[in-house]
Amino acid sequence: MGENVDFRRWDELIPDALGLIFKNLPLQEILTVVPRVCKLWRKAVTGPYCWQDIDIEQWSQQCRPETLDRMLQMLITRSSGSLRKLCVTGLANDQSFSLIADNAKSLQTLRLPRSEISDSIVEQVAGRLFSVTFLDVSYCRNIGAPALEAIGKNCKLLMGLRRTMHPLEVIDKLSQDDEAFAIATTMPKLKQLEVAYLLISTEAVLKILENCPELELLDVRGCWNVKLDENCIKKFTRLKVVGPLVVDYFGMKGCDDCSNYSGSSGYLAWDFVAGNVGSDYDDEISDGDWEDDQSMEDVEMRFYDGFDLDNAAFDWPLSP
């Protein structure tokens, strides 16, 4: 009790230390509250220290495309090439994907569900995604086997792929075996593969199992043409299979946000694991529950000269 303890003042902390602290705050507060406290804190949040992990997946579900493009450009620019994780929903065009790829030298986790990206842009920029280890392109209707093949050939470190589809989005397709074969022939290091509701055959799945010996989790829920028996699976001692029986509803996120499955346990005979299963092979970051893109229209974003906090108007709705 009587010992003298030296406490360091907040305004004496170096920017990277402040960044480690601020990155645990909701994104809304990082952008609109923290910068107004003092110049040092403003410097911390306008530099790369807070932007190695960017998760705007929840917010981007409700914002307009032009607003999302502006937000992405600002946050990616602030990351200064140090971006390690990016989660965003509904990219509206190929240009946004190209921007991400241009700043992906350190990127490991990339989640882009429901994005309007094309095979051609993926083929063009896949070479810049060489460090990606987990990729989510679920519900991306405009890509197919060419994009997956380009990803597999260029993302040599890829360990997790999520390519879940909505049943109504594949109703007009006869088969998506070409996607499964692209995965099988180019992604040998996969440990986690989620292809729920893809129109794939037993042959295609067996090809994946044959060529991806490190696979630990295979999600084929809703893949009704897949018929695997236990004898077929026994030789894959580390593998867990989920599906094709679906006991949850198809809108569920699937295998998000849980890492409690073990590769050492045996075959999971078409059982659905209670709760969520799977892992992105990284730590999830929660940015809070902030919504409503209207306030973004009231904010003057200065991408290259920093955030003009003195003249910007803030009208962010507070989260409950």
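All residue numbers refer to positions in the sequence shown, counting from 1. Everything numeric in this text was worked out from a predicted model, so none of it was measured.
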Asker: Keeping the roles fixed (side chain from S115, backbone from I117), state whether a donor-acceptor pair exists under 3.5 Å.
Answerer: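 It does not hold such a pair.
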Asker: Would you name the heavy atoms of A180 and I208 that are closest together and state the gap between them?
Answerer: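 Result for this residue pair: O-CG1, 3.6 Å.
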Asker: Under 4.5 Å between any side-chain heavy atoms of F22 and E29, yes or no?
Answerer: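 They are not in side-chain contact.
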Asker: Between T133 and M159, is there a donor-acceptor pair closer than 3.5 Å when you use the side chain of the first and the backbone of the second?
Answerer: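 No; judged by distance alone, with no hydrogens or angles, the pair does not exist.
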Asker: What I'd like to find out is whether the side chain of L190 reaches to under 4.5 Å of the side chain of L158, using heavy atoms alone.
Answerer: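 Of all side-chain heavy-atom pairs linking L158 with L190, at least one is under 4.5 Å.
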Asker: Pick from V195, L198, I200: which one makes a side chain to side chain contact (heavy atoms under 4.5 Å, CB included) with E179?
Answerer: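 Per the side chain to side chain contact (heavy atoms under 4.5 Å, CB included) rule, the option paired with E179 is L198, out of V195, L198, I200.
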Asker: Spell out, as yes or no, whether a donor-acceptor pair under 3.5 Å connects the side chain of R221 to the backbone of V242.
Answerer: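 No; judged by distance alone, with no hydrogens or angles, the pair does not exist.
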Asker: When you look at R141 and E116, which way does the side chain to side chain contact (heavy atoms under 4.5 Å, CB included) test go after all the steps?
Answerer: CA-CA 7 Å; R141 299 169 296 176; E116 299 295 325; 2.7 Å; yes
Asker: Taking all atoms of both residues into account, what is the closest heavy-atom pair of V88 and L68, and its distance?
Answerer: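 Where V88 meets L68 most closely, the heavy atoms are CG2-CD1, 3.6 Å.
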Asker: Starting from L31, can I reach V37 by hopping between I/L/V/M/F/W/Y residues whose side chains sit under 4.5 Å apart?
Answerer: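 The answer is yes; both residues are in one hydrophobic cluster.
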Asker: Contact between R238 and K191 at the side-chain level, heavy atoms closer than 4.5 Å - yes or no?
Answerer: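 The answer is no; the side chains never approach within 4.5 Å.
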Asker: Going from SG on C50 to CZ on R78, what distance comes out if it is rounded to the nearest 0.5 angstrom?
Answerer: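 Rounded to the nearest 0.5 Å, the SG-CZ separation comes out at 8.5 Å.
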Asker: Atom CG in D69, atom CD in E66: separation rounded to 0.5 Å?
Answerer: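 Answer rounded to 0.5 Å: 8.0 Å.
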Asker: For S96, run the side chain to side chain contact (heavy atoms under 4.5 Å, CB included) check against N93, D94, L99 and tell me which one passes.
Answerer: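 With S96 as partner, side chain to side chain contact (heavy atoms under 4.5 Å, CB included) holds for just one option, N93.
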Asker: Kindly say whether T89 contributes a backbone atom to a donor-acceptor pair with the side chain of E57 at under 3.5 angstrom?
Answerer: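 Checked: no pair found.
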Asker: Please lay out, stage by stage, how Q58 and C87 fare under the test side chain to side chain contact (heavy atoms under 4.5 Å, CB included).
Answerer: CA-CA 9 Å; Q58 192 171 41; C87 306; over 6 Å; no
Asker: Minimum heavy-atom separation for D119 to A147, with atom names?
Answerer: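 So the two residues come closest at OD1-CB, 3.1 Å.
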Asker: S79 side chain to I76 main-chain N or O, any donor-acceptor pair under 3.5 Å?
Answerer: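 Flag set: sc S79 to bb I76 pair under 3.5 Å.
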Asker: Treating Ile, Leu, Val, Met, Phe, Trp and Tyr as nodes and any side-chain heavy-atom pair under 4.5 angstrom as an edge, say whether I54 and V33 lie in one connected cluster.
Answerer: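 No, because I54 and V33 fall into different hydrophobic clusters, even though each may have its own neighbours under 4.5 Å.
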Asker: Shortest non-hydrogen contact from I143 to R163?
Answerer: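 Result for this residue pair: O-NH2, 3.0 Å.
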Asker: Considering only heavy atoms from C-beta outward, does the side chain of F134 approach that of Q192 to under 4.5 Å?
Answerer: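 A side-chain contact under 4.5 Å exists here.
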Asker: Search all heavy atoms of A104 against all heavy atoms of L129 and return the closest pair with its distance.
Answerer: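 Shortest heavy-atom separation between A104 and L129 comes out as CB-CD2, 3.7 Å.
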Asker: Looking at E214, I want to see if its CD is surrounded by more than 12 non-hydrogen atoms of other residues, nucleotides or ligands under 6.0 Å.
Answerer: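 It does: E214 CD has more than 12 such atoms within range.
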Asker: Do F181 and L228 sit in one hydrophobic cluster, given that two such residues count as connected whenever their side-chain heavy atoms are within less than 4.5 Å of each other, even indirectly?
Answerer: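 F181 and L228: separate clusters.
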Asker: Please test V122 against V137 for side chain to side chain contact (heavy atoms under 4.5 Å, CB included), starting from the C-alpha separation and ending with a verdict.
Answerer: CA-CA 11 Å; V122 176; V137 286; over 6 Å; no
Asker: Please say yes or no: joined through hydrophobic side-chain contacts below 4.5 Å, possibly via intermediate residues, are L40 and I21 part of one cluster?
Answerer: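 Yes: a chain of side-chain contacts under 4.5 Å links L40 to I21.
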Asker: For the pair E149 and K153, find out whether any cationic side-chain nitrogen is under 4.0 Å from an anionic carboxylate oxygen.
Answerer: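 A salt bridge links E149 with K153.
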Asker: Same cluster for L107 and L157 if Ile/Leu/Val/Met/Phe/Trp/Tyr side chains link at under 4.5 Å?
Answerer: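 Per the 4.5 Å side-chain linkage, L107 and L157 are not co-clustered.
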Asker: Does T186 form a side chain to side chain contact (heavy atoms under 4.5 Å, CB included) with L148? I'd like the steps, not just the answer.
Answerer: CA-CA 8 Å; T186 63; L148 295 178; over 6 Å; no
Asker: Verify the distance criterion only: is there a donor paired with an acceptor across the side chains of N142 and S118 at less than 3.5 Å?
Answerer: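 Looking only at side-chain atoms, S118 and N142 do not form any donor-acceptor pair under 3.5 Å.
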Asker: Looking at K85 and D53, is any side-chain nitrogen of the basic one under 4.0 Å from a carboxylate oxygen of the acidic one?
Answerer: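 The answer is no: the pair does not qualify as a salt bridge.
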Asker: Can you tell me how far CG of N211 sits from CG of L206, rounded to the nearest 0.5 angstrom?
Answerer: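 Here the interatomic distance stands at 11.0 Å.
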Asker: Could you tell me if Q108 and R84 have a donor-acceptor pair between their side chains, going purely by distance under 3.5 Å?
Answerer: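 Distance-only check fails for R84 and Q108.
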Asker: About how many Å separate CE of M74 and CH2 of W51, when rounded to the nearest 0.5 Å?
Answerer: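 Atom-to-atom, W51:CH2 and M74:CE are 6.0 Å apart.
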Asker: Nearest 0.5 angstrom please: L75 CG to N103 CG, how far?
Answerer: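 With rounding to 0.5 Å, CG (L75) is 11.5 Å from CG (N103).
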Asker: With rounding to the nearest 0.5 angstrom, report the CD1 to NZ distance, I183 to K207.
Answerer: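 Those atoms lie 14.0 Å apart.
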Asker: I need the single residue from D136, I151, L86 that forms a side chain to side chain contact (heavy atoms under 4.5 Å, CB included) with L110. Which is it?
Answerer: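 One option only clears the test, and that one is L86.
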Asker: For S82 and S106, indicate whether the former's side chain and the latter's backbone hold a donor-acceptor pair under 3.5 Å.
Answerer: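 Looks like no, no N/O pair under 3.5 Å.
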Asker: Over all heavy atoms of both residues, which pair between Y197 and C223 is shortest? Give the atoms and the distance, please.
Answerer: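 Closest approach of Y197 to C223: N-SG, 3.7 Å.
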Asker: Taking the side chain as every heavy atom from C-beta outward, state whether Y139 and T164 have any pair of such atoms under 4.5 Å apart.
Answerer: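 Yes, side chains in contact.
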